[in-house]
Enquirer: 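Let me begin by handing over the structure; questions about it come next.
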Amino acid sequence: MSDPFFLDQTGPVARITIARPERRNALTPAELHGLADILDRLDRDEDVRVVVLTGQGERAFCAGLNLKAEEEIAAEMSGSGPTGLGAVLRRAQSMSKPLIGRINGACVAGGVGLLSACDLALAGADAVFALPEVEVGLYPFVVIEGLRGRVSDGVLAGLAGTARKVTAAEAVTLGLIAQAVPRDELDAATEQVAQRTLQIPDGQASALRTAYAPHMKDFTARIDAAETRTRAYRQAKLAQG
């Protein structure tokens, strides 16, 4: 199977592209752990100062977890270690370099979790956002903790409890993303944001997150607790049949 990610670099800006367009860039747990490893590698690379995360194609940024990987998901849910999404969120939060989300299409379920890993994100005007887990008997505990502090608790409850779709324009209003632009302007807008972000002194992104987002101080503990709740919720659902 081909690599699930493309990695390229222009000057000090590295871009990670989720390369699973045939499944709307949905990722398996192992692939999510792989993404966490890529973030770790880029954070250690002295030639990289800004990282951009995006998806391949025009349909989707990321559709979340690849539900066809049933055995892998079951193994992750029966274990006690970090989940794939949890690993990405923990590593992103501790990065010394800014992470920018380029939302090129639908951003759904765990895709919203990847969005929450980004320091800021911008999207094409036709992008949509949703947390549809309740429709398949799940609940996005980890995604919610990733988003906490970015949007209000009331908004989080509404998104997770109703599975409604949010337009890019509304996502700006809610605080999910910083900017929505016409699709044909997305590359230029992303490049502009990346160049502005280069003005942040080297190694300061993590300190700025803590200074300007107090909710990040107990971030790891909250992700730990969310993973525990996710596993307990899944076990309860399985017990119900």
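Here, residue 1 is the first one in the sequence, and each next residue gets the next number. As a basis for the values below, the full set of heavy atoms in this structure was taken, side chains included, without hydrogen atoms, waters or symmetry mates.
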Enquirer: Give the cluster check for Val48 versus Val50: same hydrophobic cluster or not, with ILVMFWY residues linked at side-chain heavy-atom distances below 4.5 Å.
Expert: no
Enquirer: When you measure from the side chain of Glu145 to the backbone N and O of Arg222, does any donor-acceptor pair fall under 3.5 Å?
Expert: no
Enquirer: Taking the side chain as C-beta and beyond, is there a heavy-atom pair between Phe5 and Leu27 under 4.5 Å?
Expert: yes
Enquirer: Quick one, Leu7 and Leu42 - any side-chain contact, counting heavy atoms below 4.5 Å?
Expert: yes
Enquirer: State, with a plain yes or no, whether a side-chain heavy atom of Ser116 is found less than 4.5 Å away from one of Leu89.
Expert: yes
Enquirer: Please work out which of the three classes, parallel, tilted or perpendicular, describes the rings of Tyr139 and Tyr233, given edges at 30° and 60°.
Expert: tilted
Enquirer: What I'd like to find out is whether the side chain of Lys68 reaches to under 4.5 Å of the side chain of Arg23, using heavy atoms alone.
Expert: no
Enquirer: Taking the side chain as every heavy atom from C-beta outward, state whether Leu39 and Val88 have any pair of such atoms under 4.5 Å apart.
Expert: yes
Enquirer: Could you grab the distance from atom NZ of Lys97 to atom CZ of Arg49, nearest 0.5 Å is fine?
Expert: 9.5 Å
Enquirer: Keeping Asn104 on the side-chain end and Ala123 on the backbone end, is there a donor-acceptor pair under 3.5 Å?
Expert: no
Enquirer: I want to check something: taking the side chain as every heavy atom from C-beta on, are Glu76 and His33 in contact at a cut-off of under 4.5 Å?
Expert: yes
Enquirer: Looking at Asp187, Val193, Leu53, which one forms a side chain to side chain contact (heavy atoms under 4.5 Å, CB included) with Arg102?
Expert: Asp187
Enquirer: Taking Asn25 for its side chain and Gly55 for its backbone only, find out whether a donor-acceptor pair lies under 3.5 Å.
Expert: no
Enquirer: Would you say Gln9 and Asp47 make side-chain contact, with heavy atoms under 4.5 Å?
Expert: yes
Enquirer: So do the side chains of Val166 and Val128 get within less than 4.5 Å of each other, counting heavy atoms only?
Expert: no
